[in-house]
Amino acid sequence: LLNLALKLFILQQMDGSRKRVAYYYDAEIGCYHYGRGHPMRPFRITLTHNLICSYGLNERMKIYRPLRATADQMKQFHSDDYIEFLKSKDGMEELVFTKSMHRYNVGDDCPLFNGMFSFCQISAGGSLACAQKITSEEADIVINWGGGLHHARSREASGFCYVNDIVLAILHLLEYYQRVLYIDIDCHHGDGVEEAFYATNRVLTMSFHKFGEFFPGSGDINDIGADEGRYYAVNVPLRDGITDEYYQQLFEPIVHMAVQYFQPNVIVMQCGSDSLSGDRLGVLNLTAKGHGNCVEYVRSLNIPLMLVGGGGYTIKNVARCWTYETALAIGAELDNNLPVHEYIGFYAPDFLLHFAPTNIENRNTCTYLEETRNTILRNLRLMPVAPSVQMEPYRPRRIPHQISIADIVDLEMATSDERMPRTLFFTFMSLIRKCNILQKWTSVIKMAINDSTRIQHNLL
Ligand SMILES: [Zn+2]
């Protein structure tokens, strides 16, 4: 009897750690090119896929090529005219900057490149397919490294992102589930996703990001959501150089409490790898182990999980990180020596999976860490436990075009729950921060003054 009990116990343990993983990849995605010198390189998805296969991980999960997202599917979130514009520009590399390009913020950070719309279709198609796989309950974890383009807005491109595959996927999930938790560990604030769900309690958005003189400028700790969505947006602002250990001390308690209070039916996690050390644009200092620890922690919660990519501009480290995280999803262990394969040359000179942090200064002091954590945990406690919500079809509110000054002032009042006396100047400054256009210009002016090479690429 004891033997049987033991066997049952072991079986149970195994069940908890073994997950059905579905992985989405379209080999064409790596062929698109943003243009010479542009840091966003879709080829990194090919690099990742090849490393994944060279470890044999493809045999331990289901691999699918997703259908491409249609314009109609994209219009579930994006405005019709914006999608029609993207569609009309597919296959064009325009040298002249037209008025419509300006209107949709295309042409600078988000260049027009050959096959731009097809690229968006593959990226968004992968995330939509992931969401469908979760709702049909055919997989416990779904992966689309070609997705995670969190900056795209309903009617404009932003930060290398054109179509917000994450919002589209979450909208599909909301048709089946009451509550979706979104976690974003990219170095940049997940502004596009936060904005889409800022006023609802059905999606809790949580972003860990570098804050202060850094793209996109939003993601203040006091931005906690509005209306029904008040307390359902969580922002964890970080300073330069945060290390694995410090990151973990924020990530685990915050996610733990959010899951306890919110009780999500499904988690969508954006694994942007520009938070790794040595990133071309990022300023944080995580190793693949520290980054992967977040994935491992979220996986251990035993809630259906969707993993998407995002930023990541030192592409050999992007491939290392996402391969490691694919292995974590499956529950496989990887040899630190990379297998010999077609692209092994990219990993010179060490040819190893893991890499060490750099020696940049960690500007997140212990006090800063503790204060940040306490403020966020205090806000999370104000959220009603597992809100039972109406299962009505959800249309995201387009905040920047609808929010009024009255809303902004009201929000300011709501967030200062300590009722700290605020000087007129402080209130004025936070008002400015809230206004997108002004914010863009203050950033531009700041950049002109500082003109540091580091922020050069991150603005606009
Ligand atoms: Zn990023």
Between [atom1] on residue [X] and [atom2] on residue [Y], distance to nearest 0.5 Å:
X      : Y      : atom1 : atom2 : result
Glu194 : Asn235 : CD    : CG    : 4.5 Å
Tyr25  : Arg65  : OH    : CZ    : 11.0 Å
Asp165 : Gln73  : CG    : CD    : 12.5 Å
Cys366 : Tyr246 : SG    : OH    : 3.5 Å
Tyr347 : Asn317 : OH    : CG    : 9.5 Å
Phe113 : Ser118 : CZ    : OG    : 9.0 Å

Side chains of [X] and [Y]: is there a donor and an acceptor less than 3.5 Å apart?
X      : Y      : result
His172 : Gln132 : no
Asp186 : His188 : yes
Asp279 : Ser273 : no
Glu138 : Ser136 : yes
His209 : Asp184 : no
His354 : Tyr324 : no

Is a side-chain donor or acceptor of [X] paired with a backbone partner of [Y] at a separation under 3.5 angstrom?
X      : Y      : value
Asp109 : Gly159 : no
Tyr64  : Cys130 : no
Asp274 : Cys187 : yes
Arg41  : Ile315 : no
Ser275 : Ile185 : yes
Asn293 : Lys289 : no
Trp145 : His49  : no
Arg373 : Gln249 : yes
Asp240 : Val283 : no
Thr287 : Phe355 : no

In this structure, are over 12 heavy atoms from other groups packed under 6.0 Å from [X] atom [atom1]?
X      : atom1 : value
Glu228 : CD    : no
Arg20  : CZ    : yes
Leu67  : CG    : no
Asn359 : CG    : no

Closest heavy-atom pair and its distance - [X], [Y]:
X      : Y      : result
Leu51  : Pro339 : CD1-CD, 4.4 Å
Val308 : Gly147 : CB-C, 3.9 Å
Phe77  : Asn164 : CE2-CB, 3.9 Å
His38  : Arg280 : O-NH1, 4.4 Å
Ile134 : Leu173 : CG2-CD2, 4.0 Å
Ala69  : Ala124 : CB-CB, 3.8 Å

Validation row: [X], [Y] side chains within 4.5 angstrom (heavy atoms):
X      : Y      : result
Leu204 : Arg179 : no
Ile303 : Pro264 : yes
Phe119 : Leu149 : yes
Lys19  : Leu305 : no
Thr200 : Tyr232 : no
Tyr297 : Gln248 : no
Tyr247 : Leu238 : yes
Phe262 : Asn201 : no

For this session: Going by the side chain to side chain contact (heavy atoms under 4.5 Å, CB included) test, name the single residue among Thr205, Ile224, Ile221, Leu380 that passes it with Val234.
Result: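 When Thr205, Ile224, Ile221, Leu380 are each tested with Val234, the side chain to side chain contact (heavy atoms under 4.5 Å, CB included) holds only for Leu380.
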For this session: Evaluate the side chain to side chain contact (heavy atoms under 4.5 Å, CB included) criterion for residues Gln76 and Leu168: first the C-alpha distance (whole Å), next the side-chain angles of each, then the deciding distance (0.1 Å), finally the verdict.
Result: CA-CA 7 Å; Gln76 291 292 311; Leu168 294 176; 4.2 Å; yes
Exercise. Do Tyr261 and Tyr231 have ring centroids that are under 6.0 Å from one another?
Worked result: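 For Tyr231 and Tyr261, the ring centres are not under 6.0 Å apart.
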For this session: May I ask you to check whether Phe215 and His151 place their ring centers less than 6.0 Å from one another?
Result: yes
Exercise. Using the ring of each side chain (for Trp, its six-membered ring), is Tyr313 parallel, tilted or perpendicular to Phe160, with breaks at 30° and 60°?
Worked result: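 Perpendicular.
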Exercise. Regarding Arg239 and the six-membered ring of Tyr368, is the cationic atom NZ or CZ under 6.0 Å from the ring centre and inside 45° of its axis?
Worked result: yes
For this session: Under the side chain to side chain contact (heavy atoms under 4.5 Å, CB included) rule, what do Trp322 and Val295 come out as? Steps first, then yes or no, please.
Result: CA-CA 10 Å; Trp322 289 345; Val295 173; over 6 Å; no
Exercise. Is Arg153 paired with Asp191 through a side-chain N to carboxylate O contact shorter than 4.0 Å?
Worked result: yes
For this session: Not counting sequence neighbours, which residues clear ring pair (Phe, Tyr, Trp, His ring centres under 6.0 Å) with Phe251? List them please.
Result: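 So Phe251 forms a ring pair (Phe, Tyr, Trp, His ring centres under 6.0 Å) with Phe208.
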For this session: Report the C-alpha distance between Glu325 and Met269 in whole Å, list the side-chain angles of each, state the deciding distance to 0.1 Å, and finish with yes or no for side chain to side chain contact (heavy atoms under 4.5 Å, CB included).
Result: CA-CA 12 Å; Glu325 285 168 357; Met269 187 166 177; over 6 Å; no
For this session: Take Asn285 and Thr358, measure what side chain to side chain contact (heavy atoms under 4.5 Å, CB included) needs, and give me the verdict at the end.
Result: CA-CA 7 Å; Asn285 200 8; Thr358 61; 3.3 Å; yes
